[in-house]
J.: 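Sending over a structure as structure tokens; questions will come in a sec.
Below, chain A is the first sequence line, B the second, and so on; all start at residue 1. Heavy-atom basis, side chains included; hydrogens, waters and symmetry copies ignored.
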2 protein chains.
Amino acid sequence: MLQITVTTDAETGLCPVRSVLTPVLGKWSTLVLLALEDGPQRFSWIKRTIGDVTSRVLTEKLRTLERDGHLARHVDAGSPVKVSYELTSSGRALVALYRPLAIWAEESFEAVKRARVKYDAR
Amino acid sequence: MLQITVTTDAETGLCPVRSVLTPVLGKWSTLVLLALEDGPQRFSWIKRTIGDVTSRVLTEKLRTLERDGHLARHVDAGSPVKVSYELTSSGRALVALYRPLAIWAEESFEAVKRARVKYDAR
DNA sequence: CAGCATCCGGTCCGATACTG
DNA sequence: CAGTATCGGACCGGATGCTG
């Protein structure tokens, strides 16, 4: 059963949604995960693909995802250094669940924009 | 096809993930949507169920979700006033996509906690 | 190339107090 | 009951400059 745990201290990690899901939600994490869907990619490729993300923020998101075990970081020594990121099985499971959301987002795009205009008109 | 739109101005609304998904991601929105899964509920019930959310924040999230057309707000006049929230078809579609994520979050709970401990130990 | 360091403004969000 | 008002702190995230 799904738990929506009532907790006075969310940091005790008693709620899966709060603890596991929250760090992988959000615009950037979602975009990073989707960008890696088709296989390992390098830092600069991910950055270029997403477009409007700075190095600092991208690094931050990659670290969080790596820490939670959703992706692995590979370093190819050399000059210049090449670093690539790859989804782990956990990450692939997650992206598989995200895909339908991304598709839904695309399908709902117009309807949501219309709903906003309507709401704001009052 | 999934678009991961490269845009210099994310506010033009060219990317569904950025525009549609981002507002419904995040801890609170997710929790609110899941709380309404089994039918309409009143403000205080939602607040009690989630537990650690203030009126101010809950109101804010409910408004955003309402604005985007994912839930409807019903006011029963009287004293005391009764206000209930109900998922729209759009909201129900969204929750249906969230459910697998919530289940996955629960299943991954332990593995993620272990991954974090391991990562932090370096 | 893949970042880290620094600065800093904006937003999120929690606490508290108040109201029709 | 279902909010609104206000405040202040934490955190997010953008810009810029630097480095092995």
Side-chain angles (χ1 to χ4, degrees), chain A residues 6-12 15 17-19 21-32 35-36 40-67 71-86 122, chain B residues 6-12 15 17-19 21-32 35-36 40-67 71-86 122:
Chain A
V6 174
T7 129
T8 44
D9 182 359
E11 288 319 297
T12 54
C15 169
V17 170
R18 287 168 174 77
S19 171
L21 225 43
T22 302
V24 299
L25 296 174
K27 184 172 61 166
W28 300 128
S29 303
T30 304
L31 255 12
V32 168
L36 290 175
Q41 292 293 352
R42 293 173 52 191
F43 185 88
S44 53
W45 185 92
I46 301 170
K47 182 160 154 51
R48 216 175 323 115
T49 299
I50 294 180
D52 56 338
V53 65
T54 60
S55 295
R56 201 188 65 71
V57 172
L58 180 56
T59 300
E60 195 176 272
K61 299 307 167 189
L62 287 167
R63 290 289 180 280
T64 302
L65 259 8
E66 187 194 357
R67 181 171 110 102
L71 54 81
R73 181 172 180 270
H74 304 285
V75 182
D76 277 335
S79 190
V81 175
K82 296 182 183 182
V83 179
S84 62
Y85 294 87
E86 182 176 16
R122 318 168 326 176
Chain B
V6 174
T7 128
T8 44
D9 182 359
E11 288 319 298
T12 53
C15 170
V17 171
R18 288 168 174 75
S19 170
L21 223 42
T22 302
V24 298
L25 295 174
K27 185 171 62 168
W28 299 130
S29 303
T30 305
L31 255 14
V32 169
L36 291 174
Q41 293 293 351
R42 295 174 49 193
F43 185 89
S44 53
W45 185 91
I46 301 170
K47 182 160 155 49
R48 217 174 324 115
T49 299
I50 293 179
D52 55 337
V53 65
T54 60
S55 295
R56 203 188 64 71
V57 172
L58 180 56
T59 300
E60 195 175 273
K61 299 306 165 189
L62 287 168
R63 289 288 181 279
T64 302
L65 258 8
E66 187 194 358
R67 182 171 110 101
L71 53 82
R73 181 172 180 269
H74 304 284
V75 182
D76 277 336
S79 190
V81 174
K82 295 183 184 183
V83 179
S84 62
Y85 294 86
E86 182 176 17
R122 318 165 327 175

J.: With the side chain counted from C-beta on, respond yes when A/V81 and A/D76 share a heavy-atom pair under 4.5 Å apart, and no when they do not.
T.: no
J.: Contact list please: residues 71-80 of chain B against DNA chain D, heavy atoms, distance less than 4.0 Å, in numerical order.
T.: B/R73, B/P80
J.: If I compare all heavy atoms of B/P23 with all of B/S29, which pair ends up nearest, and what's the gap?
T.: O-OG, 3.4 Å
J.: Do the side-chain N or O atoms of B/S55 get closer than 4.0 angstrom to the phosphate oxygens (OP1, OP2) of D/dA2?
T.: no
J.: Measure across A/L71 and A/L62 and return the closest heavy-atom pair with its distance rounded to 0.1 Å.
T.: CD1-O, 3.8 Å
J.: So where does chain B start and stop touching DNA chain C, 5' to 3', when the test is distance under 4.0 Å to a non-hydrogen atom?
T.: C/dC13 to C/dA15
J.: Identify, with sequence neighbours excluded, every residue that meets side-chain contact (heavy atoms from CB on, under 4.5 Å) alongside A/E60.
T.: A/R56
J.: Considering only nitrogen or oxygen atoms on both sides, find all protein atoms under 3.5 Å from nucleotides 10-13 of chain D and state each distance.
T.:
residue : atom : partner : partner atom : Å
D/dG13  : OP2  : A/K61   : NZ           : 2.8
D/dG13  : N9   : A/R56   : NH2          : 3.2
D/dG13  : N7   : A/R56   : NH2          : 2.4

J.: Taking only residues two or more places apart in sequence or in another chain, which ones pass side-chain contact (heavy atoms from CB on, under 4.5 Å) with A/R73?
T.: A/R63, A/E66, A/V75, A/V83, A/Y85
J.: Once side-chain hydrogen bond (donor to acceptor under 3.5 Å, both in side chains) is applied, do any residues pair with B/R42, and if so which ones, sequence neighbours excluded?
T.: none
J.: For the side chain of B/T30 and the backbone of B/G26, is there at least one donor-acceptor N/O pair under 3.5 Å apart?
T.: yes
J.: Mapping A/R42 and B/V81 to their closest nucleotides on DNA chain C, which lands nearer the 5' end?
T.: A/R42
J.: Are OP1 or OP2 of D/dT4 and a side-chain N or O of B/R63 less than 4.0 angstrom apart?
T.: yes
J.: Any sub-3.5 Å donor-acceptor pair from A/T22's side-chain atoms to A/R18's backbone N or O?
T.: yes
J.: Evaluate the side-chain proximity of A/L65 to A/V24: yes if any heavy-atom separation is below 4.5 Å, no if none is.
T.: yes
J.: Atom CG of A/D52 and atom CG of A/L31: how far apart are they, to the nearest 0.5 Å?
T.: 7.5 Å
J.: Can you name the side-chain contact (heavy atoms from CB on, under 4.5 Å) partners of A/S55, sequence neighbours left out?
T.: A/F43, A/K47
J.: To the nearest 10°, give me the bend of the helix from C/dC1-D/dG20 to C/dG20-D/dC1, comparing the axes of its five terminal pairs at either end.
T.: 60°
J.: When rounded to the nearest 0.5 angstrom, what is the spacing between CD1 in A/I50 and CH2 in A/W45?
T.: 8.5 Å
